[in-house]
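Every number for a ligand or one of its atoms is a count from 1 in the order of the listing. Since the model is a prediction, treat every value here as computed from it, not as a measurement. This chain uses plain numbering: 1 for the first residue, then up along the sequence.
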Amino acid sequence: MTDTRLLALIPSLPKVVLHEHLDGGLRPASMLELAEAAGHTLPVTDDAAALGDWFFDAANSGSLPTYLETFDHTIACMQTADALARVAKEAVLDNAADGVVYTEQRWAPEQHVTAGLSLEAALEAVQAGLEQGMAEAASNGHTIVAKQIITAMRHADRWQDLANLAVAYRDIIAGFDIAGAEAGFMPDRHPDIWPYLASNDVPVTIHAGEAAGVDSIAQAVHLGQAERIGHGVRIIDDIATSRDVGASVARLGRTAAWVRDHQIALEVAPVSNLQTGASPATTIADHPITRLKELDFAVTLNTDNRLMSRTSMTNEMRLLVDQAGWTIDDLLDVTVTAAWSAFIHHDERLALVENVIYPGFEKAEGAVL
Ligand SMILES: [Zn+2]
């Protein structure tokens with residue numbers, strides 16, 4: 001299949017997004033309304049397109065702390081039950097329109113209680129919005145399943161409160177995550193929550209190997225018992241490449257070998273990584289996602305923050321095809337890997353792969369060929 005044909009069919013392919021922040025995917029037009037209702041002043045107050053441009057430009061600064069500042073504005077717009085539900089609903093609808101069939105939306109409830117919501121009420125508002133989005137998408141002919149991941153912010157030291165929340169709502173949430181400033185706020189900052197979450201059967205994914213290196217990934221998988229790693233691209237630092245009779249040979253360090261051998265999913269978001277400088281690469285072609293995939297790591301493809309990165313799953317896939325030589329088999333591979341790594345039961349993963357992803361790829365190919 002030519003690249004042109006493949007690029008054309010990407011929007012219709014079924015997609016799975018495991019790593020996307022609810023507070024990083026707002027519609028600019030909705031933000032204008034939500035900010036006014038919240039009494040919050042945005043950097044642009046009258047033009048949705050210009051507001052979208054502001055977020056993209058601010059996020060292109062090349063540093064993670066500056067990138068994270070953009071979230072002050074989105075979070076300020078998400079402090080009531082109605083606002084949280086609306087943002088969650090629109091995230092589901094926007095993903096469904098992009099061909100996403102399964103998504104886990106993560107967010108940090110502790111950042112959404114400044115107007116008086118309880119952690120529980122905030123979580124329930126997001127759940128209501130996700131369910132509204134799924135129902136509305138279904139009525140538009142798009143079947144999508146959306147679940148939430150509870151994130152604790154590393155620097156805020158409310159890890160135990162959020163772990164308690166995750167355990168209390170174990171039956172409706174997908175899992176638990178920590179995010180925010182990575183360096184200096186490692187999983188051993190609050191070591192007791194990890195066995196607590198594991199003993200209560202809460203799946204864990206941890207942002208690691210984004211702003212810090214291999215040690216952070218090692219802690220996430222060993223102490224945090226993370227089944228998935230948010231980004232994890234710095235695992236490449238634990239892989240030495242040498243030339244042997246003209247061929248390139250990879251030698252994996254212990255952590256890299258552990259992550260690959262256990263098929264711990266890497267939730268990679270190439271556009272975001274280039275923006276934040278998480279990866280030493282400066283182009284999609286050089287991003288380690290392709291190398292990691294070649295080495296049989298369990299690579300999944302994600303958006304991270306659609307607003308700040310002005311991206312979508314379609315955009316991420318198109319860039320990899322256009323600039324890194326990915327084929328339709330590569331796209332199918334990361335999609336199936338994501339489905340098998342989803343925080344749902346085995347039979348649900350199987351149904352997603354066999355009844356949705358494989359038939360969806362076959363149908364899309366058939367329509368174009
Ligand atoms: Zn993230």
* Asked: If you leave out waters, which protein N, O or S atoms are less than 2.8 Å from the Zn ion (ligand 1)?
  ->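 Sorted hits: H19 NE2, H21 NE2, H207 NE2, D304 OD1.
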
I'd like a table of donor-acceptor pairs (distance under 3.5 Å, sequence neighbours excluded) in which one partner is a side-chain atom from residues 108-115, with atom names and distances.
from, atom 1, to, atom 2, distance (Å)
E110, OE1, M153, N, 3.0
H112, ND1, M78, O, 2.7
T114, OG1, Q79, OE1, 2.9

* To do: Would you kindly check if the NZ (Lys) or CZ (Arg) of R349 is within the cone defined by 45 degrees around the ring axis of Y102 and under 6.0 Å from the six-membered ring centre?
  =>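 Checked: cation-pi criterion not met.
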
* Asked: Where does the angle between the aromatic ring planes of H207 and H21 fall among parallel (under 30°), tilted (30 to 60°) and perpendicular (over 60°)?
  ->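 Aromatic pair H207/H21 classed tilted.
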
* Does P43 offer a backbone N or O that forms a donor-acceptor pair with the side chain of W54 under 3.5 Å? ->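 No; judged by distance alone, with no hydrogens or angles, the pair does not exist.
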
* Please report the closest heavy-atom contact between L274 and A281, naming both atoms and the distance. =>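 Minimum heavy-atom contact is CD2-O, 3.4 Å.
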
* Is the shortest distance from a Lys or Arg side-chain nitrogen in R234 or E182 to a carboxylate oxygen in the other one below 4.0 Å? ->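 Looking at E182 together with R234, the answer is no, because their closest N to O distance does not fall below 4.0 Å.
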
